[in-house]
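Worksheet: one structure, shown below.
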Amino acid sequence: MASSCLGLLAVLLAVGGAVGHPPRVQTVSEATMYHVAHINLTTEARSGVNPFLVNITATITPPSFSTSPTPPLVRRATAPLSVPGFFYSEDDGSGQWVFAFRFSCDAVGSWAWHITSDDADLNNMGGAVNCEQNSDPAFHGRLEVDQSHPHHFAYQDGTRYFMVGTEVDWLWALDLDNLSTHTLEPFLDTLSYGGFNNIMVNLYANYSAWARKVPSPPNVGNTVNTPWGSDYLHLNLRFWNHYDDVMAALERRGIVAHIMIMVENKAVQWPQEQSVADDLYWKTTVARLQAFNNIVWDVSKEAQRLSDSYWASRFPFLVKYDAHNHIRTMHSHWNASLELKHKYCNMISAQQHSVYHEHILAVRKAFPTYPVANVEFLYEEGPVKTYGVQSEAIDMLPVWWSLYMAGGYGVWYYSAVAWDVIIPNLVPPGYGFTRVLRDFFVQTTFWQLEPHDELVQVSTDQGSKIVAYALASPGKEYVVFTNASSFSLKDVPSGLKGVWTDPESGQTLPATSTAVSGNAQQFEKPTEYGPFMVLHLTSA
């Protein structure tokens with residue numbers, strides 16, 4: 001069974017009767033809006049049956065609009081949800097099996113449910129869950145693409161989401177083999193300090209080639225517990241229950257899990273493609289995790305390592321079994337698998353190691369209704385040698401800003417936590433830089449700002465390595481990131497308030513300008529800080 005830190009609302013529904021007896025209709029139980037509702041279904045254990053292969057579908061009918069008024073910004077279920085169930089608990093000596101299904105209610109009222117199953121005891125079970133209003137400020141419903149500003153995100157209740165990502169592929173491995181170590185929660189607090197609200201994480205990986213000689217700890221790879229038990233058709237419930245706990249810990253902190261369901265180059269012996277075992281792995285992933293609202297589905301890290309024909313068979317699994325319709329994406333080169341991305345994805349997760357700013361601009365143009373993120377660009381150096389290519393944080397800083405100044409998002413790698421070497425108590429320089437960027441942008445109307453580099457004019461005598469990027473909501477708000485000592489900004493109305501921010505420290509200074517020809521304003525970059533500064537102009 002999952003540990004108490006799971007944080008799910010477990011609705012325990014005991015079903016009496018032997019095999020073949022008619023099921024009983026269950027009484028109303030309680031849930032909280034935007035949280036995971038977990039409903040247990042108990043039957044007698046039986047020999048000769050693999051409970052992991054029992055098919056269960058819960059049809060969940062939401063309350064009507066007349067009993068649950070919906071504010072204009074809130075999007076909610078109006079049609080029945082169809083969610084898969086799963087085997088949850090082995091026979092603990094009581095002679096019973098526990099199956100379960102999960103969903104997240106997004107409206108106050110009574111949500112009726114009904115079970116269809118090839119198991120006679122489970123088939124035709126029914127009941128209802130009474131959903132109460134959410135009062136927890138960390139929960140905002142499902143993360144979605146903002147339909148009004150589709151290069152950006154918003155939660156289901158309309159709350160804005162500004163993505164600041166990092167990668168911790170083996171996050172789930174913390175405390176997995178030793179539940180008494182209690183490493184996960186303090187580590188997540190450290191990541192929160194860095195401003196990270198999005199973590200790219202494998203559902204499972206074995207080990208990386210470059211970390212094999214690093215002792216454990218800090219090497220957390222090659223775990224004793226994997227998703228599978230005695231074979232691929234029997235799952236290891238300790239692994240899956242622990243993953244639930246990880247998801248709940250992330251959700252409590254407002255951190256989205258960008259889950260890469262597969263990874264081809266981390267020494268995993270996966271089930272045969274499109275086999276019953278492969279389907280079980282994918283279906284269980286969706287069944288257990290879809291009720292969490294802090295999810296982005298990614299079919300694989302570096303998806304280009306497997307064929308598009310395989311992904312064409314897996315994406316329909318996400319569409320069919322994810323009743324909550326979470327964001328879908330592919331970690332790959334941006335121009336790979338274009339047909340699949342147009343058909344199944346609604347976010348671009350590109351791996352790009354050069355021309356960073358220009359790349360984001362080009363992908364935004366190619367996918368005008370998708371948020372775009374460079375999810376792998378450079379790797380901040382740590383104290384332990386892992387992946388061969390590493391950089392100093394100060395050299396990554398202008399690249400980091402260039403992604404956001406193109407209207408995209410980024411994922412910051414720190415080599416001491418990104419893969420199967422995790423040193424959880426370190427706060428590298430990069431975490432300060434990522435925090436400054438997030439704190440800066442959340443004070444802007446970032447979802448309304450568009451790239452407008454053409455507004456910035458820098459004299460040619462300042463050299464060839466000058467950077468000058470601009471975001472603007474013309475006439476209302478402007479952001480400029482530059483290392484130019486001076487520049488002019490075109491088409492800027494007078495009377496805007498200006499502030500300089502140092503992207504290294506977050507320190508600020510008031511900004512002044514001089515009117516030049518036309519509607520242009522001339523700015524002189526402060527010299528008190530480093531080579532790069534950020535200018536923010538607004539009417540507020």
Side-chain angles (χ1 to χ4, degrees), residues 1-10 12 35-36 38 40 51-52 86-94 96-100 102 138 166-192 196 199-208 211 214-231 234-253 255 257 259-261 263 266-268 281 284-285 287-289 291-292 294-295 416-426:
M1 301 289 286
S3 67
S4 59
C5 73
L6 176 59
L8 303 180
L9 179 80
L12 303 179
H35 290 62
V36 176
H38 172 109
N40 280 346
F52 291 102
F86 55 94
F87 182 55
Y88 183 59
S89 178
E90 305 274 9
D91 179 7
D92 59 2
S94 64
Q96 293 184 324
W97 280 340
V98 180
F99 297 85
R102 295 171 178 168
T166 191
E167 182 142 348
V168 189
D169 289 340
W170 272 261
L171 179 68
W172 48 270
L174 294 177
D175 306 333
L176 172 60
D177 288 341
N178 186 350
L179 300 179
S180 65
T181 53
H182 305 298
T183 306
L184 173 67
E185 301 259 2
F187 177 52
L188 292 180
D189 291 338
T190 299
L191 296 179
S192 294
F196 299 117
I199 296 180
M200 295 190 67
V201 56
N202 289 318
L203 186 69
Y204 175 67
N206 194 358
Y207 59 83
S208 63
V214 179
S216 176
N219 191 332
V220 299
N222 197 22
T223 56
V224 173
N225 288 281
T226 77
W228 302 284
S230 57
D231 57 48
H234 293 80
L235 302 181
N236 177 4
L237 293 178
R238 174 164 172 167
F239 174 92
W240 293 95
N241 290 337
H242 180 69
Y243 213 104
D244 292 342
D245 292 347
V246 173
M247 289 298 302
L250 291 168
E251 192 168 39
R252 290 194 298 272
R253 291 166 173 81
I255 299 176
I259 300 176
M260 298 174 286
I261 300 173
V263 57
K266 297 300 185 294
V268 181
Y281 172 79
T284 300
T285 297
R288 293 190 67 114
L289 301 181
F292 290 98
N294 59 327
I295 281 183
V417 302
W419 301 289
D420 45 344
V421 170
I422 298 180
I423 308 175
N425 58 347
L426 299 180

Hey, does Phe196 have a side-chain heavy atom less than 4.5 Å from the side chain of Ile255? no
What's the separation between atom CZ in Phe52 and atom OH in Tyr88, rounded to the nearest 0.5 Å? 12.5 Å
Donor-acceptor contact below 3.5 Å, side chain Asp175 vs main chain His182: yes
By ring-ring contact (aromatic ring centres under 6.0 Å, His included) - contacts of Tyr207 (at least two apart): none
With sequence neighbours left out, what residues match Asp177 under side chain to side chain donor-acceptor pair (under 3.5 Å)? Asn225
I want to check something: taking the side chain as every heavy atom from C-beta on, are Thr183 and Ile422 in contact at a cut-off of under 4.5 Å? no
Enter the distance from Glu167:CD to Met260:CE here, rounded to the nearest 0.5 Å. 4.0 Å
Between atom CG of Asn206 and atom OG1 of Thr226, what is the distance when rounded to the nearest 0.5 Å? 8.5 Å
Which value, rounded to the nearest 0.5 Å, describes the distance between Leu176 atom CG and Asn236 atom CG? 7.5 Å
Heavy-atom side-chain contact between Leu203 and Trp240 under 4.5 Å: yes
What pair of heavy atoms forms the shortest contact from Ile423 to Pro218, and how long is it? CG1-CB, 3.7 Å
Using a distance-only test with no angle check, is there a side-chain donor-acceptor pair under 3.5 angstrom linking Asn241 and Arg288? yes
State, with a plain yes or no, whether a side-chain heavy atom of Phe99 is found less than 4.5 Å away from one of Phe87. yes
Walk me through whether Asp244 and Leu289 qualify under side-chain contact (heavy atoms from CB on, under 4.5 Å). CA-CA 7 Å; Asp244 292 342; Leu289 301 181; 3.8 Å; yes
Validation row: Leu174, Val220 side chains within 4.5 angstrom (heavy atoms): yes
Between Asp420 and Ala211 the two heavy atoms that sit nearest each other are OD1-CB, 3.3 Å
The side chain to side chain donor-acceptor pair (under 3.5 Å) partners of Ser180 (sequence neighbours excluded) come to Asn178
Counting C-beta onward and ignoring hydrogens, is there a side-chain heavy-atom pair between Leu235 and Thr284 closer than 4.5 Å? yes
I'd like to know if the side chain of Trp172 and the backbone of Asp169 have a donor-acceptor N/O pair within less than 3.5 Å. yes
Got a sec, which residues hit side chain to side chain donor-acceptor pair (under 3.5 Å) with Ser192, two or more places apart in sequence or on another chain? none
Distance-only side-chain donor-acceptor flag, Asp245 / His242, under 3.5 Å: no
side-chain contact (heavy atoms from CB on, under 4.5 Å) evaluation trace for Ile259 with Met247: CA-CA 10 Å; Ile259 300 176; Met247 289 298 302; 3.9 Å; yes
Suppose we call two aromatic rings close when their centres sit under 6.0 Å apart. Are Phe239 and Trp228 close by that rule? no
Please check if the side chain of Arg102 supplies one atom and the backbone of Phe292 the other of a donor-acceptor pair under 3.5 Å. no
With sequence neighbours excluded, residues passing salt bridge (Lys or Arg N to Asp or Glu O under 4.0 Å) with Arg253: Glu185, Asp189
Student check: side-chain heavy atoms of Val201 and Tyr243 closer than 4.5 Å: yes
By side chain to side chain donor-acceptor pair (under 3.5 Å), which residues pair with Thr190, not counting sequence neighbours? none
If we only count heavy atoms from C-beta on, is the Leu171 to Leu188 side-chain gap below 4.5 Å? yes
Minimum-distance pair of heavy atoms, taken over all atoms of Ala249 and Leu184: CB-CD2, 4.2 Å
